[in-house]
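Down below is the structure, laid out as structure tokens.
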Amino acid sequence: NAGVTQTPKFRILKIGQSMTLQCTQDMNHNYMYWYRQDPGMGLKLIYYSVGAGITDKGEVPNGYNVSRSTTEDFPLRLELAAPSQTSVYFCASSHGTDNEQFFGPGTRLTVL
Amino acid sequence: QKEVEQNSGPLSVPEGAIASLNCTYSDRGSQSFFWYRQYSGKSPELIMFIYSNGDKEDGRFTAQLNKASQYVSLLIRDSQPSDSATYLCAVGQNQAGTALIFGKGTTLSVSS
């Protein structure tokens, strides 16, 4: 099993550009999550999904959008990128609500 | 607002010593507790989980849970320089359709 995979690993965006961060898991997990982590800070939940077709906002959803059309994929869309979105983005998945979360390797995004 | 609190550190211990990392949580209904280790530039990885009051041991790691005091700790015996990392405490909300709540993490530095 590859676990949770994320692409790209690194990306530099200009202010106002858009992009999609890809996340795929092959563990047949129902729950998937997107976090951002700023330097020296903890994880902040952006969006999460409890199954295909269902998404919910986390702590910091503004400026982001998600969709969940399949169990495996949970892409994160950034519209009109801003410098405040410079961060490391982690995707994670779990079997259920209070189960261990498995993390992907992360995407390091810089907005200039 | 449910919260998970950790001392950000850094916690500095000499090689071979016991490192004690602490975490308090606000939701008395929480039933599942996790400790993740995150090396600089890497994604979080699970070290231990604990569901019942008392101690749970796994090699050099011991997780301790006291639900009455809403307190969970991680002890690392015979600390090694390779244990130098940030340790994240995560708490389940015991409610379907919710995500784990992560603390901001404690940075541990083990000197040789």
Side-chain angles (χ1 to χ4, degrees), chain A residues 2-7 9-10 21 23 25 27 29-51 53-61 66 68 74 87-109, chain B residues 1-10 21 23-25 27 29-52 56 58 63 65 67 72 85-109:
Chain A
V4 180
T5 57
Q6 293 183 237
T7 56
K9 287 186 169 53
F10 303 94
L21 281 66
C23 175
Q25 54 92 8
M27 296 173 281
H29 285 166
N30 288 322
Y31 284 57
M32 296 187 74
Y33 315 84
W34 274 106
Y35 295 92
R36 61 175 286 174
Q37 187 175 40
D38 298 332
M41 303 295 285
L43 298 167
K44 292 185 178 180
L45 183 65
I46 305 171
Y47 271 96
Y48 67 103
S49 168
V50 303
I54 306 169
T55 61
D56 277 297
K57 294 178 180 179
E59 181 185 359
V60 289
V66 293
R68 185 94 182 272
F74 190 40
S87 191
V88 179
Y89 291 83
F90 291 106
C91 179
S93 72
S94 70
H95 180 68
T97 291
D98 286 350
N99 297 128
E100 173 192 0
Q101 290 185 14
F102 295 82
F103 285 81
T107 294
R108 189 175 298 273
L109 175 68
Chain B
Q1 177 109 3
K2 298 174 184 176
E3 293 182 333
V4 175
E5 300 284 346
Q6 295 181 256
N7 189 324
S8 61
L21 303 157
C23 172
T24 59
Y25 58 96
D27 184 6
S30 296
Q31 298 290 331
S32 57
F33 307 87
F34 306 83
W35 282 101
Y36 285 81
R37 177 177 61 199
Q38 185 177 24
Y39 291 116
S40 181
K42 301 295 185 182
S43 57
E45 58 178 338
L46 185 74
I47 303 174
M48 299 273 299
F49 63 87
I50 186 167
Y51 298 143
S52 303
K56 179 181 179 182
D58 184 1
L65 175 61
K67 290 184 180 178
V72 58
T86 296
Y87 290 80
L88 304 171
C89 173
V91 177
Q93 299 187 60
N94 194 32
Q95 182 179 353
T98 60
L100 299 181
I101 300 176
F102 281 83
K104 289 182 168 53
T106 298
T107 299
L108 173 65
S109 176

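The sequence lines fix the lettering, A, B, ..., with proteins before strands; numbering per chain opens at 1.
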Original post:
Using non-hydrogen atoms only, which part of B:Gln95 is less than 4.5 Å away from chain A: side chain, backbone, both, or neither?
Top reply: backbone
Subject >> Contact origin within B:Phe33 toward chain A - heavy atom pairs under 4.5 Å >> reply: neither
**OP:** Report the option among B:Gly105, B:Pro44, B:Ala99 that has the most heavy-atom pairs separated by less than 4.5 Å from atoms of chain A.
**Re:** B:Pro44
Original post:
Where does B:Phe49 contact chain A at under 4.5 Å (heavy atoms): side chain, backbone, both or neither?
Top reply: neither
Subject >> Selection from A:Val88, A:Leu45, A:Asn99 maximising heavy-atom pairs under 4.5 Å formed with chain B >> reply: A:Asn99
**OP:** For A:Pro61, enumerate each residue passing the side chain to side chain contact (heavy atoms under 4.5 Å, CB included) test, keeping only those at least two apart in sequence or located in another chain.
**Re:** A:Tyr47, A:Lys57
Original post:
Can you say whether B:Leu88 sits under 4.5 Å from chain A via the side chain, the backbone, both, or neither, judging by heavy atoms?
Top reply: side chain
Subject >> Under the side chain to side chain donor-acceptor pair (under 3.5 Å) test, residues paired with A:Ser49 that sit two or more places apart >> reply: A:Arg68
Subject >> Which portion of A:Gln37 sits near chain B, non-hydrogen atoms under 4.5 angstrom >> reply: side chain
Original post:
Is a side-chain donor-acceptor pair under 3.5 Å present for A:Asp38 with A:Ser87?
Top reply: yes
Original post:
Backbone N or O of A:Gly106 within a donor-acceptor pair of the B:Ser43 side chain at under 3.5 Å?
Top reply: no
Original post:
Among B:Thr107, B:Asn94, B:Ile101, which has the most heavy-atom pairs under 4.5 Å with chain A?
Top reply: B:Asn94
Original post:
Relative to chain A, which of B:Gly97, B:Gly92, B:Ser32 shows the most heavy atom pairs under 4.5 Å?
Top reply: B:Gly97
**OP:** Compute whether any side-chain donor of one residue and acceptor of the other, for A:Tyr48 and A:Gln101, lie under 3.5 angstrom apart.
**Re:** no
Original post:
Under the 3.5 angstrom rule, does the side chain of A:Asn30 hit a backbone N or O of A:Gly51 as a donor-acceptor pair?
Top reply: no
**OP:** Select, from A:Ile54, A:Leu43, A:Val50, the one with the greatest count of heavy-atom pairs under 4.5 Å involving chain B.
**Re:** A:Leu43
Original post:
Is a side-chain N or O of B:Lys104 found less than 3.5 angstrom from the main chain of B:Gln6, in a donor-acceptor match?
Top reply: no
